[in-house]
Amino acid sequence: MEKTSNMELIERLEREHTLTKDEFVQLISTFTPEEAERAGKLARRLTDEFYGHDIYMRGLIEFTNYCRNDCLYCGIRRSNRELERYRLSSEDILMCTDEGYRLGFRTFVLQGGEDPQFSDEDICEIVRGIKDQHPDCAVTLSIGEKTREQYLMYFQAGADRYLLRHETANEEHYRMLHPESLSLANRKRCLRDLKEIGYQVGTGFMVQSPYQRPEHLAEDLLFIKELEPHMIGIGPFVPHHATPFAEFPAGTLEMTTFLISLLRLLVPEALIPATTALGTIDPMGREKGVLAGANVVMPNLSPQEVREKYMLYDNKICTGDEAAECRNCMDMRFKILGYEPVVDRGDHVSRRVGEADDKQTDLR
Ligand code: SAH
């Protein structure tokens with residue numbers, strides 16, 4: 001039997017929102033620039049149907065770079081002794097969210113290493129503090145692996161969303177990227193618990209991380225299809241000089257934007273960021289991400305003094321900027337392309353624009 005062409009696969013993915021593992025492997029290992037462009041066009045059209053040309057902004061607050069984990073790719077891993085560590089106080093964090101609110105942010109993402117110094121009560125207090133001051137905002141946590149009880153506590157304190165990338169859906173590959181204390185099974189358990197509790201959940205993976213093969217990426221796509229997350233964040237792997245992966249090459253713009261398009265065709269209503277890592281490997285990376293089907297950006301709201309210290313990878317962009325500069329930069333970059341960074345929580349929707357019941361604004 002003759003092999004199905006990549007163009008046919010892309011068009012089938014647009015219609016049916018899934019493919020087999022072998023078909024994904026074929027696409028990922030043999031796509032041409034023309035095929036990527038076609039996937040991008042179809043993906044962007046689908047994005048427009050659900051979200052129009054709105055770009056949702058999430059204000060990122062990197063509140064601690066202490067981490068008890070030792071992930072081999074990550075610049076804030078425990079064994080990086082070169083790094084000056086910091087923690088923001090609750091007051092610092094609330095100053096960031098106040099500033100962010102003035103700038104038009106309606107979602108705040110608290111991200112950090114897994115820092116045991118922040119107790120569950122501390123996290124809950126921070127979440128409650130933000131929700132008290134800004135009840136019209138969504139709070140997203142991205143603080144790693146916890147027990148179900150902990151996730152439940154944060155949710156009850158008012159957290160709306162949680163970001164936890166699965167990093168790779170292949171067991172063997174997972175073990176090559178992580179220390180023995182971490183397991184893919186526990187990562188997946190966390191994601192299931194988060195969904196069951198009622199969070200809007202984001203997962204995702206690094207593109208072209210060390211030892212990654214097309215089969216692994218195909219497994220990532222199928223895992224995501226099965227999980228049905230509300231948000232999907234992917235970005236190129238970028239080496240950090242003080243990690244065991246310092247000498248590995250960064251992932252490419254072409255592969256990352258193609259995968260953004262495939263993810264859009266796979267899960268049409270997902271919120272997909274054009275990530276900082278994508279902006280790091282190419283000065284127009286985030287714009288190209290949006291043109292390939294992304295609809296979220298996550299500018300930095302962390303205080304300028306600490307930004308240099310939250311170095312997950314080398315050459316991370318915007319570390320010298322202030323929150324207001326990042327905010328203006330988003331407007332400049334996207335308006336020129338005909339997209340609109342909006343003052344909105346940017347909740348997940350399940351209907352196309354104009355379909356009955358428009359947006360589910362009552363979603364937490
Ligand atoms: N401790 C939290 C937050 C991790 S940092 C957690 O475990 O979820 C957020 C994301 O940055 C990670 O999920 C990882 O995918 C990404 N990241 C870390 N190091 C990176 C690198 N060297 N290149 C690209 N992305 C990286």
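One-based numbering, in listed order, for ligands and for the atoms of each. Note that the numbering runs from 1 along the sequence shown for the chain.
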Say whether Phe118 and Leu94 are linked into one hydrophobic cluster, either directly or through other cluster members, by side-chain heavy-atom distances under 4.5 angstrom. yes
Are Val267 and Leu217 grouped together when hydrophobic residues (ILVMFWY) are joined by side-chain heavy atoms under 4.5 angstrom apart? yes
NZ or CZ of Arg87 within 45° of Tyr66 ring axis and under 6.0 Å: yes
Please check atom 4 (C) of ligand 1 for a protein heavy-atom neighbour under 4.0 Å. no
If the cut-off is 4.0 Å to any non-hydrogen atom of Arg165, which atoms of ligand 1 fall inside it? 13 (O), 14 (C), 15 (O), 16 (C)
Below 4.0 angstrom from a heavy atom of Leu164, which ligand 1 atoms are there? Numbered from 1 as shown, please. 8 (O)
Answer with yes or no whether the side chains of [Y] and [X] bring together a donor and an acceptor at under 3.5 Å.
X: Asn295; Y: Arg264; result: yes
X: Tyr199; Y: Asp160; result: no
X: Ser302; Y: Asn300; result: yes
X: Glu82; Y: His241; result: yes

Should the proximity of Glu167 to ligand 1, defined as any heavy atom under 4.0 Å, be assigned to the side chain, the backbone, both, or neither? side chain
So which heavy atom in the protein is nearest [atom], and how far is it from that ligand atom?
atom: atom 19 (N) of ligand 1; answer: Tyr73 CD1, 3.4 Å
atom: atom 11 (O) of ligand 1; answer: Leu312 CD1, 3.5 Å
atom: atom 9 (C) of ligand 1; answer: Gln111 NE2, 3.6 Å
atom: atom 21 (C) of ligand 1; answer: Val238 O, 3.4 Å

Would [X] count as a contact of ligand 1 if the rule is a heavy atom under 4.0 Å away?
X: Arg187; result: yes
X: Gly251; result: no
X: Pro236; result: yes
X: His240; result: no

Shortest reach to atom 2 (C) of ligand 1 by a heavy atom, considering only Ala250, Gly202, Gly204, Gly112: Gly112
Between Lys316, Met311, Met206, which one has a non-hydrogen atom sitting closest to atom 25 (N) of ligand 1? Met206
Using a 6.0 Å cut-off, check whether atom CD of Glu196 has over 12 heavy atoms from anything other than its own residue. yes
Using side-chain heavy atoms (C-beta onward) and a distance below 4.5 Å, is Leu19 in contact with Arg12? yes
